[in-house]
Amino acid sequence: MKALKIASIALAGTIMISSCQTRGQMMGGIAGAHIGSEVGGAIGFLSGHGPFRGHNAAMGTLIGAGVGALLGVSVAQSIEDKEK
């Protein structure tokens with residue numbers, strides 16, 4: 001499971017490098033990736049059955065991290081736009 005966390009952080013890092021313009025957006029992406037990976041892993045584990053629970057949890061972790069990072073960056077960007 002640690003390898004999946006590392007992979008999800010690497011995926012989130014790639015997304016952040018390509019889409020972030022400020023430090024606030026980067027921090028939003030990190031927070032979103034972390035929360036998304038936890039929620040995605042839990043949903044993947046609960047939706048799996050039998051020997052496939054681990055595989056579903058792994059896919060949920062990766063997908064959740066990517067989606068969470070995107071949402072975190074977009075929320076941080078909208079907050080920064082409102083402050084300007």
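Remember, predicted model here, so these are calculated numbers, not experimental data.
- Pairing each heavy atom of T22 with each of E80, the nearest pair is OG1-OE2, 2.7 Å.
- Atom OG1 in T61 sits 10.5 Å away from atom CG in N56 (nearest 0.5 Å).
- Criterion: ILVMFWY side-chain heavy atoms under 4.5 Å apart, direct or through other members. Under it, L71 and I63 are part of a common hydrophobic cluster.
- With sequence neighbours excluded, the residues forming a side-chain contact (heavy atoms from CB on, under 4.5 Å) with I79 are V75, E83, listed by chain and number.
- Under the 4.5 Å side-chain heavy-atom criterion for grouping Ile, Leu, Val, Met, Phe, Trp and Tyr, V67 is connected to M59 within one hydrophobic cluster.
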Please output the side-chain donor-acceptor pairs of residues 36-46 that fall under 3.5 Å, not counting sequence neighbours, one pair per line with the distance.
residue : atom : partner : partner atom : Å
S37     : OG   : A33     : O            : 3.2
S37     : OG   : H34     : O            : 2.9
E38     : OE2  : K5      : NZ           : 2.4

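- For S78, there are no side-chain contact (heavy atoms from CB on, under 4.5 Å) partners at least two apart in sequence or on another chain.
- Of all heavy-atom pairs between G28 and A76, the closest is CA-CB, 4.4 Å.
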